[in-house]
*Asks:* 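Before anything else, here's the structure in question.
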Amino acid sequence: MLFSIRMRASQGLSHVSGGEGIYGRDNVQEECCRLLNRALGHERGVPDSVNISIEKLSARPLTISSLPVVTCRVNDPVEAECAVGRILKHVGICDEAIAKAVEMVKGGTGVAGALLVDAFCGTMIPALPVARTELATESTDEALHEAVAGDFKRDFNVRVSRFGITPGGKVRLSQALRDVGLTHFRVIEALQVASKAAGFPFVEAELCVSDDLNYTTGYVASRRLGYVRIPHIKAEGSPSGGRVFFLNPAVKLSHLMEYMKKTPVIIDEIGRIKGVKPLEEILCTADS
Ligand code: WAQ
Ligand code: MG
């Protein structure tokens with residue numbers, strides 16, 4: 001029996017911290033305590049509200065592999081932004097979409113989920129289709145109308161939910177990450193989001209920058225290049241950050257929402273974990 005657990009902490013209208021996972025019965029209590037402690041101990045201050053939801057999964061989760069992981073060698077935010085652009089371009093994202101996404105995460109998206117950008121023209125795609133657009137026919141999915149506390153721009157973002165990693169997978173992943181010097185829990189969590197998102201064929205790529213003040217490593221994820229960690233993606237102490245999914249415009253939004261929010265996905269097999277590599281090598285190895 002598996003349970004999906006999710007935590008959201010907010011302050012006024014803004015999202016402060018969140019966490020998700022899929023756990024067996026015996027780990028539910030421990031996991032709720034861990035998430036509650038995270039919410040209450042957050043560097044942004046004590047939240048006004050914390051919501052923890054626990055649901056028994058009725059469907060067996062889809063089992064996937066985690067994306068391969070590599071860290072790009074960059075020395076400062078200027079090099080980091082250049083690397084982000086080169087990687088995204090390499091996987092087919094257009095210049096307008098790259099510029100839009102970089103601008104949005106630099107400003108801080110201020111939402112709990114990922115913003116959606118058309119990978120090939122750079123326009124923003126509303127997650128919750130509004131009337132009078134052609135997408136209105138997609139809006140019958142109840143999930144699209146879920147009110148999300150803290151999301152003032154909720155029409156434009158989707159929060160990935162119902163994902164996790166098997167206990168065995170977690171042990172193997174933690175060990176492989178430790179072997180390359182990575183011990184932060186954020187890597188494990190972010191890799192789960194990125195691997196689930198990349199499992200949806202119309203997500204061409206993802207850009208992620210933590211909104212936490214002192215976590216300055218972000219990533220660009222794609223099926224082609226895997227999960228590429230980018231250190232110095234923002235300056236120390238900066239509250240900005242966010243996530244963007246670059247979507248193939250042929251996407252059916254109702255399918256995207258259903259997959260991201262509802263389909264339980266669990267990682268068991270672990271993709272290759274590499275250490276630090278220069279950008280050129282990261283771009284080359286993918287072609288070979
Ligand atoms: N689904 C969609 N978007 C999300 C989710 C989710 N489950 N969780 C967070 N976000 C969005 C939201 O806008 C946050 O403001 C933003 O992403 C950043 O979230 O390998 O810590 O949880 O060292 O602050 C990257 C790790 C860490 C890189 C990312 O993100 C590495 C991180 P945070
Ligand atoms: Mg955060």
Side-chain angles (χ1 to χ4, degrees), residues 15-18 42-44 66-117 119 122 124 157 159-160 177 180-195 197-198 203-246 273-283 286:
H15 164 79
V16 176
S17 90
H42 204 271
E43 61 183 11
R44 290 181 170 221
S66 59
L67 288 172
V69 175
V70 65
T71 301
C72 186
R73 180 171 296 144
V74 294
N75 297 306
D76 54 47
V78 175
E79 279 183 35
E81 191 172 323
C82 174
V84 165
R86 295 271 314 273
I87 295 164
L88 287 170
K89 210 173 162 79
H90 193 89
V91 299
I93 311 303
C94 76
D95 292 338
E96 292 77 9
I98 296 171
K100 181 94 177 179
V102 167
E103 175 201 313
M104 290 190 301
V105 298
K106 267 189 169 174
T109 60
V111 294
L115 297 177
L116 307 176
V117 168
M124 277 186 75
N157 78 103
R159 189 157 168 106
V160 185
L177 289 171
V180 295
L182 296 175
T183 53
H184 206 288
F185 70 88
R186 282 189 185 285
V187 186
I188 295 182
E189 291 191 353
L191 183 60
Q192 292 176 52
V193 176
S195 301
V203 172
E204 300 289 335
E206 176 191 351
L207 169 65
C208 171
V209 178
S210 176
D211 51 16
D212 292 27
L213 301 178
N214 299 307
Y215 201 84
T216 58
T217 300
Y219 67 84
V220 175
S222 60
R223 281 178 294 283
R224 194 130 150 247
L225 293 183
Y227 178 98
V228 184
R229 305 180 64 246
I230 317 277
H232 308 296
I233 202 162
K234 70 174 188 179
E236 191 92 21
S238 159
S240 68
R243 267 185 169 88
V244 175
F245 292 145
F246 297 92
I273 312 279
K274 296 187 204 160
V276 183
K277 302 274 179 205
L279 176 63
E280 300 305 331
E281 196 177 319
I282 292 170
L283 298 179

*Asks:* Compare every heavy atom of Ile98 with every heavy atom of Ile93, then report the nearest pair and how far apart it is.
*Replies:*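 Scanning both residues completely, I find the closest heavy atoms to be O-CD1, 3.6 Å.
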*Asks:* Between Glu79 and Arg86 (salt bridge meaning N to carboxylate O under 4.0 Å), is one present in this structure?
*Replies:*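 Salt bridge between Glu79 and Arg86, a charged N being under 4.0 Å from a carboxylate O: no.
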*Asks:* Do Ile87 and Ile230 have side chains that get closer than 4.5 Å, going by heavy atoms?
*Replies:*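 A side-chain contact exists here, since the closest heavy-atom pair is under 4.5 Å.
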*Asks:* Can you give me the closest heavy-atom contact between Ala205 and Val91, atom names plus distance?
*Replies:*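 Nearest heavy atoms, Ala205 then Val91: CB-CG2, 4.1 Å.
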*Asks:* Answer yes or no: is there a side-chain heavy-atom contact under 4.5 Å between Arg243 and Val160?
*Replies:*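 Side chain of Arg243 against side chain of Val160, heavy atoms only: no contact under 4.5 Å found.
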*Asks:* Donor-acceptor check, side chain of Ser195 to backbone of Leu67, threshold 3.5 angstrom: yes or no?
*Replies:*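 It does hold such a pair.
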*Asks:* How close do Glu206 and Ala197 get, counting heavy atoms only, and between which atoms?
*Replies:*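 Taking every non-hydrogen atom into account, OE1-CB, 4.1 Å.
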*Asks:* Provide the closest heavy-atom pair for Ser66 versus Leu191 in the form atom of the first, atom of the second, distance.
*Replies:*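 For Ser66 and Leu191, the tightest heavy-atom pair comes out as CB-CD2, 4.0 Å.
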*Asks:* Would a distance-only check, ignoring hydrogens and angles, find a side-chain to backbone donor-acceptor pair under 3.5 Å from Arg223 to Val203?
*Replies:*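 Yes; at least one donor-acceptor contact below 3.5 Å.
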*Asks:* Please determine which of His232, Lys106, Lys234 meets the side chain to side chain donor-acceptor pair (under 3.5 Å) test together with Glu81.
*Replies:*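 Going through His232, Lys106, Lys234 one by one, the side chain to side chain donor-acceptor pair (under 3.5 Å) with Glu81 is satisfied by Lys106 alone.
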*Asks:* Do Val244 and Val105 come close enough that some side-chain heavy atom pair is under 4.5 Å?
*Replies:*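 Yes, at least one pair of side-chain atoms sits under 4.5 Å.
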*Asks:* Is the closest side-chain heavy-atom distance between Thr109 and Asn157 below 4.5 Å?
*Replies:*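 Not touching, per the 4.5 Å side-chain cut-off.
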*Asks:* Please lay out, stage by stage, how Arg229 and Val69 fare under the test side chain to side chain contact (heavy atoms under 4.5 Å, CB included).
*Replies:* CA-CA 7 Å; Arg229 305 180 64 246; Val69 175; 3.9 Å; yes
*Asks:* Looking only at heavy atoms, which two atoms of Ala194 and Ala221 are closest? And how far apart?
*Replies:*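 Looking at all heavy atoms of both residues, the shortest contact is CB-CB, 3.9 Å.
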*Asks:* Working to the nearest 0.5 Å, report the span between SG of Cys72 and OH of Tyr219.
*Replies:*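 The distance works out to 16.0 Å.
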*Asks:* Might you work through the side chain to side chain contact (heavy atoms under 4.5 Å, CB included) test for Leu207 and Phe246, ending with a clear yes or no?
*Replies:* CA-CA 8 Å; Leu207 169 65; Phe246 297 92; 4.0 Å; yes
*Asks:* Evaluate the side chain to side chain contact (heavy atoms under 4.5 Å, CB included) criterion for residues Arg186 and Thr217: first the C-alpha distance (whole Å), next the side-chain angles of each, then the deciding distance (0.1 Å), finally the verdict.
*Replies:* CA-CA 10 Å; Arg186 282 189 185 285; Thr217 300; over 6 Å; no
*Asks:* Where do Ala119 and Ala97 come nearest, in terms of heavy atoms and distance?
*Replies:*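 Residues Ala119 and Ala97, closest heavy atoms: O-CB, 3.9 Å.
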*Asks:* Between Arg224 and His90, is there a side-chain heavy-atom distance shorter than 4.5 Å?
*Replies:*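 A side-chain contact under 4.5 Å exists here.
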*Asks:* Within this structure, what is the OG1-CD1 distance for the pair Thr71 and Ile282, rounded to the nearest 0.5 Å?
*Replies:*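 CD1 of Ile282 is found 7.5 Å from OG1 of Thr71.
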